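As structure tokens, the structure follows; a few thoughts come after it.
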Amino acid sequence: MSTLIGIQTLIITVIILLLTASWRLYQKRKYYRGVTSKLPTLYGIPFIGVAYEMLDVNKIFHNMSMGFDKINALTGCIWVATTPYVLSVDPEVIKHVVSSPEFLNKATDEYTHFQNGLFNGLIVTPAKQWKADRKIISPFFAHNNIVAFFPAFNGNAISLKNKLERLTGQGEQHIFTIIKECGLQLSLLTIMDLKVEECSDTYREIMQAFNNFIDHMGKDFLYGWFGLAFLSRTPHYNRVRKYLKDLVQSLTKTHLALQLESNATSNIVEDKQPMIDITVKALRQGLFSEKQVVVEGFTMLAASYETSVGAVYTCLLMLAMHPEIQERVFQEIRSVFPNGVITVEYEDLKKLPYLDMFVLEALRLAPPVPFIGRKTFQDSELCPGVILPKGARIIISIYELHRRKEIWGTDSSRFNPDNFLPENIAKRHPYSYMPFSKGSRNCIGFRYVEISLRIILIHAVRSFKFSTTFKYEDIVHVPHISLHYKIEPPLSIEVRAN
Ligand code: HEM
């Protein structure tokens with residue numbers, strides 16, 4: 001008898017839960033009817049939406065591309081579980097989104113992995129606080145400050161070159177770890193003013209902790225799509241997080257003491273200012289709290305490292321996979337540095353237009369940040385006739401935008417630096433290409449990386465010839481915190497005679 005009552009109670013509970021969930025879904029669909037009646041919409045299965053399309057990470061970019069083909073439009077709406085997302089690869093819509101103040105907030109669901117108490121700085125700062133924070137940090141990215149870091153950029157590129165040299169003549173080798181080591185060293189130096197000896201235990205510890213942390217964040221990001229982010233928050237994640245937090249906190253304290261000691265009121269600006277000097281100065285002026293100094297430092301460290309190392313690896317890979325293009329890049333670099341490269345100056349960078357085109361094309365086909373997401377904080381017009389209600393999420397797939405056939409032609413996936421000949425650029429909408437996003441909330445570090453990346457390539461390409469047996473067509477990109485490769489192809493490195 002009691003078993004029967006138990007079953008009855010269970011059935012009634014399930015029915016009530018189902019009815020409540022259905023009612024909430026109905027209300028949500030009603031709330032978004034103004035959008036879904038105007039934009040082509042993929043509803044998928046009730047309560048699941050098209051989430052099943054995202055289960056296989058290796059196919060996400062492919063499925064997204066198919067999705068746009070299915071709706072036969074450049075802007076549409078998809079339901080993932082019970083949440084609608086407006087997706088666009090329409091340059092005109094994108095222009096409006098990234099330039100309008102009502103879209104300045106980030107789509108919090110897509111950035112949950114940043115909310116770990118360390119990384120939740122400028123990238124995810126709510127719009128109302130973001131402008132002031134960005135202004136405080138921006139002197140680090142001022143032209144003169146970046147140029148003052150040229151010796152650091154050159155030193156780092158030489159360090160990478162020396163490490164690659166040890167792999168020459170040894171067949172195909174995995175070089176991504178080496179690139180990451182050098183990338184982290186550069187970020188620690190320019191952002192945290194921390195120079196760590198390569199063979200030291202501290203260096204190994206930081207490297208390991210940082211990579212572990214990024215791996216955890218990657219899981220956090222992928223699980224987060226299904227509301228399961230808590231699965232990634234393991235005790236190990238917390239330990240690594242604490243180690244890194246303590247590290248940045250102690251660096252902050254040291255810098256604060258140094259600044260106070262040297263001259264508490266001095267306004268003399270050093271020739272180059274690592275970012276920590278700028279944020280600690282803001283702390284002294286009462287513009288930042290100590291927590292903000294730590295969070296912004298860490299955010300910058302991670303934002304610069306993860307994206308830059310991906311860009312360096314992609315560029316070397318593209319050179320290896322396209323020998324004729326590599327030869328052109330090399331010949332151009334040789335014409336500017338006929339006797340080899342000792343150091344690269346700012347003026348040298350202006351003499352390498354083909355290298356520029358090559359880099360632009362590499363970031364087109366493998367943009368390190370493949371998606372960006374925004375959220376409306378009031379009802380906002382997306383495009384004529386379509387009003388997004390408050391709280392609507394908009395995803396811009398930079399990856400897909402950079403490959404649309406409507407924009408880049410029928411062989412849009414082919415690696416072709418000529419896409420960036422001035423006459424070809426002129427034919428395209430300016431918002432067809434945006435590896436660093438656009439508008440006021442674009443990548444604050446884009447000049448930093450444009451310069452540091454080119455310096456690395458100049459040193460590397462002038463010294464070595466890269467090749468690989470891995471085929472360009474077999475590359476599979478997967479989303480992580482930044483764009484990753486399902487398989488990271490190994491490269492062969494040979495020393496150039498001259
Ligand atoms: C190839 C390398 C890089 C690429 C492709 C890249 C791309 C991007 C993109 C697309 C955004 C916009 C993100 C969004 O709206 O969600 C962004 C934002 C940002 N990037 Fe980068 N980035 C790169 C390197 C760097 C470097 C080197 C730094 C720092 C030294 C940096 C710091 C930041 C920060 C702090 C933001 C947030 C800006 C804000 O919201 O005001 N990035 N980046």
Side-chain angles (χ1 to χ4, degrees), residues 94 97-99 103-114 119-142 145-146 149 152-153 156 179 183-184 186-192 221 273-276 278-279 292 295-315 359-360 362-375 393-399 401-402 431 433-457 479 481-483:
I94 292 172
V97 169
V98 295
S99 333
F103 293 102
L104 268 180
N105 267 333
K106 295 294 173 81
T108 36
D109 299 9
E110 276 53 63
Y111 296 80
T112 46
H113 52 300
F114 287 82
F119 211 163
N120 51 328
L122 202 63
I123 295 180
V124 286
T125 308
K128 56 182 181 320
Q129 190 199 327
W130 159 80
K131 203 169 177 184
D133 289 359
R134 180 148 168 151
K135 200 168 160 201
I136 292 170
I137 294 167
S138 60
F140 175 60
F141 296 100
N145 203 41
I146 298 287
F149 276 110
F153 294 148
N156 186 259
I179 294 173
L184 187 59
L186 183 65
S187 294
L188 286 171
L189 183 64
T190 56
I191 293 163
M192 291 294 162
F221 166 67
Q273 302 188 84
M275 186 173 123
I276 195 162
I278 292 166
T279 47
Q292 272 178 299
V295 165
E296 293 303 344
F298 204 82
T299 301
M300 205 56 78
L301 206 55
S304 64
Y305 164 77
E306 177 68 9
T307 49
S308 302
V309 297
V312 173
Y313 178 62
T314 290
C315 284
V359 170
L360 293 170
L363 295 181
R364 175 176 81 87
L365 289 163
V369 179
F371 309 103
I372 59 171
R374 302 288 175 95
K375 192 174 183 175
R393 296 150 177 89
I394 307 109
I395 306 292
I396 296 169
S397 169
I398 298 176
Y399 190 91
L401 172 74
H402 286 183
Y431 285 72
Y433 180 71
M434 44 184 275
F436 299 104
S437 184
K438 281 189 183 261
S440 57
R441 206 154 186 183
N442 68 344
C443 174
I444 196 170
F446 82 94
R447 271 191 224 97
Y448 174 111
V449 75
E450 276 185 345
I451 291 175
S452 57
L453 174 60
R454 280 166 178 73
I455 294 180
I456 287 173
L457 293 176
I481 315 174
S482 64
L483 189 76

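As the structure lists them, so they are numbered: ligands from 1, and atoms in each ligand from 1. As the structure is a prediction and not an experimental result, all values here were calculated from the model.
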So is T299 touching ligand 1 or not, going by heavy atoms under 4.0 Å? no

Quick one: does Y305 get within less than 4.0 Å of ligand 1, heavy atoms only? no

For A311, counting its heavy atoms only, list the atoms of ligand 1 lying under 4.0 Å from any of them. 1 (C)

Which ligand 1 atoms are under 4.0 Å away from a heavy-atom of N442? 38 (C)

Suppose we measure from atom 13 (C) of ligand 1 to each protein heavy atom; which comes out shortest, and what is that distance? I372 CG2, 3.7 Å

Which of the listed options, E306, R134, E296, holds the heavy atom that is closest to atom 39 (C) of ligand 1? R134

Could you state the interatomic distance from CD1 (I276) to CD1 (I191), rounded to the nearest 0.5 Å? 10.5 Å

Between L453 and ligand 1, which residue portion shows a heavy-atom distance shorter than 4.0 Å: side chain, backbone, both, or neither? neither

Those residues at least two apart in sequence (or on a different chain) that pass side-chain hydrogen bond (donor to acceptor under 3.5 Å, both in side chains) with K375 are T108

So which protein heavy atom does atom 40 (O) of ligand 1 come closest to, and at what separation? R441 NE, 2.9 Å

Which residue holds the protein heavy atom closest to atom 10 (C) of ligand 1, what is that atom called, and what is the gap in Å? P435 O, 3.4 Å

In the protein, which heavy atom is nearest to atom 16 (O) of ligand 1, and how far is it? Y111 OH, 2.5 Å

Going by distance alone, is a donor N or O of one side chain under 3.5 Å from an acceptor N or O of the other, for S304 and S187? yes

Please examine the side chains of Q292 and Q129, heavy atoms only from C-beta on, and report whether any two atoms are closer than 4.5 Å. yes

Counting N and O atoms only, with roles assigned by atom type, does the side chain of R374 sit under 3.5 Å from a partner on the main chain of F103, one being a donor and the other an acceptor? yes

Tell me, which pairs form a salt bridge (charged side-chain N to carboxylate O under 4.0 Å, His left out) where one or both residues lie in residues 444-457, sequence neighbours left out? D356-R454

Determine whether a donor-acceptor pair (N or O, by modelled atom type, separation under 3.5 Å) exists between the side chain of N442 and the backbone of S437. no

Atom indices of ligand 1 within 4.0 angstrom of F141 heavy atoms, with elements: 29 (C), 30 (C)

Residue part near ligand 1, for M434, under 4.0 Å between non-hydrogen atoms: neither

I'd like to know if the side chain of E296 pairs up with that of T279 as donor and acceptor (distance under 3.5 Å, no hydrogens or angles considered). no

Which atoms of ligand 1 have any heavy atom of M300 under 4.0 Å away? 29 (C), 32 (C), 35 (C)

Value for OG1 (T299) from CD1 (I123), rounded to nearest 0.5 Å, stands at 6.0 Å

Give yes if a backbone or side-chain nitrogen or oxygen of S308 is under 3.5 Å from a nitrogen or oxygen of ligand 1, and no if not. no

Looking at A127, is its backbone amide N or carbonyl O close enough to the side chain of N105 to form a donor-acceptor pair, meaning the two atoms are under 3.5 Å apart? yes

Residue pair T314 / A366: nearest heavy atoms and the distance that separates them: CG2-CB, 3.7 Å

Pull out every atom of ligand 1 sitting under 4.0 Å from any heavy atom of Y448, numbered as shown with elements. 27 (C)

Spell out the protein N/O/S atoms under 2.8 Å from atom 21 (Fe) of ligand 1 as residue plus atom name. C443 SG

With sequence neighbours left out, write down each residue that passes side-chain hydrogen bond (donor to acceptor under 3.5 Å, both in side chains) with Y448, or none if nothing qualifies. T190

Top protein contact for atom 15 (O) of ligand 1, by heavy-atom distance: K106 NZ, 3.2 Å

A student checking ligand 1 against P368 at a 4.0 Å heavy-atom cut-off should list atoms 1 (C), 5 (C)

Do I396 and M434 come within less than 4.5 Å of each other through their side chains, counting heavy atoms only? yes

Taking all non-hydrogen atoms of both residues into account, name the closest pair between I137 and M300 and its distance. CG2-CE, 3.7 Å

